[in-house]
K.L.:
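Here it is, the structure, as structure tokens.
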Amino acid sequence: TVGCAVLDTFCHTACATSTGGITAKMPGRVGDTPVPGAGGYADDQVGAVSTTGHGESLLKVCLAHHIVTTMATGMPVSDSIQRSLEYMGQRVSGCGGAVAVSRCGEVGFAFTTPRMPWAYAKDNQLHYGMHPRE
Amino acid sequence: VGGVVVVHGGAWDIPQHLWKASMEGVKAAARCGYQVVGGGGSAVEAVEAAVMMLEDNPAFDAGTGSVLTLEEEVEMDALVMSGAGLQAGAVAAIKNVKNPVKVARLVMEKTPHVMLAGEGANHFAASHGITQVPPDTLVTPYAKQELEIMKKYSTSVDTLFNVSPQKLPQSGHD
């Protein structure tokens, strides 16, 4: 799965997520990716999120919307993602990750899998990583 | 704010041989999206551009490089959402298109619907000038290899998450 969240210079947000799914999936199986609120969510009043992980788990907790709702409380973006992933892990045992940007331009990312390649561009600088604590 | 772009390439146990390509891929996609917003492009234009770049990179499970179903086919899903008016467009189980995210954006902008699935999504894509590509052009040798290994252990997605990790190859998911 791949995904992106953006805040543009007009202070509008958007997200996109795309996937080939999971190896050996049943034909016709659809995971979280195309479902607003699960595979991604964008609301100019809060921010934008793109998720990745075990699709059935993400669908059950509406992970992207859960993250945006948590961000709306004022919690830092990365903490909001981490908190939502922990909730998913506790309730349905699934793993995953997400990237997000708030309406103020705060970037966040977190994952509960061994790795997730991420990168963000802000203030003409590129930041990136893949392993935990990078 | 001068524009902010953040991308990911999937959360999973990425094998070491994909580390470098994955890292370079997300960096390039973030740069690509940032150039779009830096040039005055919209957030929707930026997410589409960045994700298309990731879809075209065989290191990632999307577009070219997608994994295979049990019937050895590629079925892809994609979503685009705009935060300005909570508009969304999506495709599910679409086949034979290079960039599903492009079709998802067309669903958002050209229809009153949110999601089109299966053959309907493919017909819609064709009617809007999206070229159908031969299925094999989306499939990598790694995807074929991974499916063969998976078939030894599982006939369902759920089973994959209940098998001892030591028995399975490093597998991705959505």
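Protein chains get the first letters and strands the later ones, always in sequence-line order, with residue 1 at the start of each.
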K.L.:
Which one of A:V6, A:N124, A:L126 satisfies the side chain to side chain contact (heavy atoms under 4.5 Å, CB included) criterion with B:Y34?
P.N.:
A:N124
K.L.:
Below 4.5 Å from any heavy atom of chain A, which atoms of B:E73 appear? Answer side chain, backbone, both or neither.
P.N.:
neither
K.L.:
Within the 4.5 Å heavy-atom criterion, are A:K25 and B:L70 side-chain neighbours or not?
P.N.:
no
K.L.:
Given a strict heavy-atom distance threshold of 4.5 Å, which part of B:A84 is in contact with chain A: side chain, backbone, both, or neither?
P.N.:
both
K.L.:
Do A:P114 and B:I14 come within less than 4.5 Å of each other through their side chains, counting heavy atoms only?
P.N.:
no
K.L.:
Is any side-chain heavy atom of B:L54 closer than 4.5 Å to a side-chain heavy atom of A:S18?
P.N.:
no
K.L.:
Give, as side chain, backbone, both or neither, the part of A:V35 having an atom under 4.5 angstrom from any heavy atom of chain B.
P.N.:
both
K.L.:
Hey, what do you get for CZ (A:R115) to CH2 (B:W12), rounding to the nearest 0.5 Å?
P.N.:
9.5 Å
K.L.:
Would you give the length of the straight line joining atom CD1 of A:I22 to atom OG1 of B:T69, rounded to the nearest 0.5 angstrom?
P.N.:
12.5 Å
K.L.:
Can you say whether B:V36 sits under 4.5 Å from chain A via the side chain, the backbone, both, or neither, judging by heavy atoms?
P.N.:
neither
K.L.:
Would you say the side chain of B:L86 lies within less than 4.5 Å of the side chain of A:D43, judging by non-hydrogen atoms?
P.N.:
yes
K.L.:
Please flag which part of B:L68 lies under 4.5 Å from any non-hydrogen atom of chain A: side chain, backbone, both or neither.
P.N.:
backbone
K.L.:
Using a cut-off of 6.0 Å, state whether more than 12 heavy atoms not belonging to B:K102 lie near its atom NZ.
P.N.:
no
